[in-house]
Each structure stands twice: as C-alpha cells, then as structure tokens.
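Accompanying notes for the structure given below.
Atoms considered below: every heavy atom in the structure, side chains included; atoms not considered: hydrogens, waters and symmetry mates. All figures in this text were calculated on a predicted structure; none of them were measured in a lab.
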Amino acid sequence: APLKYVFLSFRPVEMSAKKPVPFLRQVVSVTKKVHRDPRFDDLSGEYNPEIFMKTYSFLDAIKKQEKEMIQKQLKKCRNMEQKEKLQQLLNRMTQQEQAQKKQQKWRERELSLKRQQRELAKQGKKPFFLKKSEKRKLELAEKYAELKRSGKLESFLNKKRKRNAIKDKRRLPSQKNL
C-alpha cells in the first residue's frame with residue numbers, strides 16, 4: 001500500500017462568518033510586567049529634602065575631591081580639546097554647586113518663615129502667610145544686600161541696565177519700517 005503523506009498546516013483556524021462569535025472567548029492570558037517608578041510610587045515613601053540631604057551628605061565630599069582632581073588635570077593638560085572639555089566639566093560642577101547652595105538658602109528661608117508662623121500661632125495670633133510676589137521681593141532685597149556687601153552691586157546694575165536697554169531697543173520699531 002502506498003504511503004500517504006499528511007501535511008500539517010500551522011495557519012490560524014478559519015471561523016465561519018455565519019456563526020456568531022462567542023461572547024466570552026478563551027484567550028491565553030499573558031502576565032504583563034508592571035514597571036514601578038519610585039518617584040511616583042507610595043511604596044518608596046515620601047520625599048523629604050532635609051532627610052535626603054543628611055543621608056547623601058557624603059556625596060558633597062566626593063564631589064569636592066573630584067573638582068580638585070579636575071582642576072589639577074586642567075593645569076597639567078596640554079591638549080586644547082581635552083582642556084576645553086575639562087573646563088566645561090569644571091564650569092558645570094561649579095554651577096551645580098551654586099544651584100545647590102541657592103536651593104539650600106531658599107529652604108532655610110522657608111523653614112525660618114514657618115518657625116515664625118508657629119511662634120505667632122503659639123502666642124495666640126493669627127498666622128500670616130506671605131504671597132509669592134512678597135517672597136520674591138524679599139528674595140530680591142536679600143540679593144541686593146548680598147551684592148552690596150560683596151561690592152558687586154554697581155557692576156550688576158550696569159549689566160541689568162544694558163540688558164534692559166537692548167530689550168527696549170528690540171521693542172522699538174526699526175528705521176526701515178518708518
């Protein structure tokens with residue numbers, strides 16, 4: 001007897017268009033991997049900047065060492081391309097340091113205002129909360145006082161005048177349009 005070959009087809013099963021599709025179909029469930037973002041997840045706890053700064057205060061010492069090391073490399077370096085890259089890195093590090101100090105000052109100011117409000121509340125007075133604009137004014141006054149102490153106020157004001165003059169010049173209609 002001749003051998004008959006059976007061809008197995010691995011194509012999808014054809015369904016009749018005349019027969020209605022069952023309401024609850026049997027589908028193979030695939031377990032979806034759930035990704036967790038610790039910034040927005042409650043399991044990670046709440047962010048407290050003071051605790052964060054205390055916990056990771058050792059990083060400041062490491063950053064300081066890295067900065068000194070880069071400064072030494074910058075003095076020794078002869079290649080202009082490498083020197084430029086090191087200079088950019090050093091500038092970025094100093095800017096980050098300044099931003100961190102500024103943030104710390106702002107946090108301390110906020111804490112002092114909160115303490116004052118608590119003291120007033122303990123004395124039985126009604127607490128008074130500053131508006132954003134008033135906080136900005138206090139910040140500006142503090143900045144001017146700091147500039148005056150360091151003797152850089154005049155140069156700062158000159159730069160500001162120049163910037164404002166340039167802005168005013170841009171706003172004015174040009175001579176071509178007249």
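- The distance from atom CD of Gln116 to atom CG of Leu120, rounded to the nearest 0.5 Å, is 7.5 Å.
- Using a 4.0 Å cut-off between charged side-chain N and carboxylate O, Arg109 and Glu139 make a salt bridge.
- Taking the side chain as every heavy atom from C-beta outward, Glu146 and Glu142 never approach each other to under 4.5 Å.
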Stepwise side chain to side chain donor-acceptor pair (under 3.5 Å) check, Arg92 with Gln95: CA-CA 5 Å; Arg92 194 173 77 216; Gln95 283 175 352; over 6 Å; no
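- Residues Lys125 and Glu119 fail the side-chain proximity criterion, which asks for heavy atoms closer than 4.5 Å.
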Intermediate values then yes/no, side chain to side chain contact (heavy atoms under 4.5 Å, CB included), Gln71 and Lys75: CA-CA 6 Å; Gln71 284 172 337; Lys75 285 179 183 177; 5.6 Å; no
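- Hydrophobic cluster membership of Met93, counting Ile, Leu, Val, Met, Phe, Trp and Tyr whose side-chain heavy atoms lie under 4.5 Å apart directly or via other members: Ile70, Leu74, Leu86, Leu89, Leu90.
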Assess whether side chain to side chain contact (heavy atoms under 4.5 Å, CB included) is satisfied between Glu50 and Leu111, documenting all intermediate values. CA-CA 11 Å; Glu50 280 72 36; Leu111 282 171; 3.9 Å; yes
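- Of the inter-residue distances, the one linking Glu134 atom CD with Phe129 atom CZ reads 13.0 Å to the nearest 0.5 angstrom.
- Between Ser44 and Arg36, the shortest heavy-atom contact is OG-NH1, 3.6 Å.
- Two residues are said to be in side-chain contact when any heavy atoms from C-beta on lie closer than 4.5 Å; Gln100 and Met53 meet this criterion.
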Given Arg171 and Asp168, is the salt bridge (Lys or Arg N to Asp or Glu O under 4.0 Å) satisfied, shown in steps? CA-CA 5 Å; Arg171 287 187 191 125; Asp168 291 342; 3.5 Å; yes
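- Between Lys83 and Cys77, the shortest heavy-atom distance links the atoms N-SG, 3.8 Å.
- Counting non-hydrogen atoms of neighbouring residues, nucleotides and ligands closer than 6.0 angstrom, the CZ atom of Arg170 reaches no more than 12 such neighbours.
- Note that CZ of Arg136 and NZ of Lys143 are 13.0 Å apart. Values are rounded to the nearest 0.5 Å.
- Sparse packing is recorded around CD of Glu84, with 12 or fewer heavy atoms of other residues, nucleotides or ligands lying under 6.0 Å away.
- To the nearest 0.5 Å, atom CZ of residue Arg107 and atom CD of residue Gln104 are 5.0 Å apart.
- Gln103 contributes atom CD, which lies 14.5 Å from atom NZ of Lys101 (distance to the nearest 0.5 angstrom).
- Counting heavy atoms from C-beta outward, Trp106 and Glu110 have side chains that approach closer than 4.5 Å.
- Under a hydrophobic-cluster definition in which Ile, Leu, Val, Met, Phe, Trp and Tyr are linked whenever side-chain heavy atoms come within less than 4.5 Å, directly or via other members, Leu157 and Leu147 are assigned to the same cluster.
- Of the N and O atoms on the side chains of Arg161 and Asn164, not one donor lies less than 3.5 Å from an acceptor on the other residue.
- Side-chain N or O atoms of Gln117 include one that pairs as donor or acceptor with a backbone N or O of Phe128 at under 3.5 Å.
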What verdict does the salt bridge (Lys or Arg N to Asp or Glu O under 4.0 Å) test give for Lys67 and Glu97, after you've listed the backbone C-alpha separation in whole Å, the side-chain angles of each residue and the deciding distance to 0.1 Å? CA-CA 10 Å; Lys67 192 175 175 184; Glu97 199 176 290; 3.5 Å; yes
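- Taking CZ of Arg118 as the start and CG of Leu113 as the end, the distance is 11.5 Å to the nearest 0.5 Å.
- Environment of CZ in Phe58: crowded, with over 12 heavy atoms of neighbouring residues, nucleotides or ligands closer than 6.0 Å.
- Linking ILVMFWY residues whenever their side-chain heavy atoms come closer than 4.5 Å, directly or via other members, leaves Ile62 and Met69 in distinct clusters.
- By the criterion of side-chain heavy atoms lying less than 4.5 angstrom apart, applied directly or through intervening Ile, Leu, Val, Met, Phe, Trp or Tyr residues, Tyr56 is grouped together with Tyr47 in one hydrophobic cluster.
- Within a 6.0 Å sphere centred on CD of Glu81, other residues, nucleotides and ligands contribute 12 heavy atoms or fewer.
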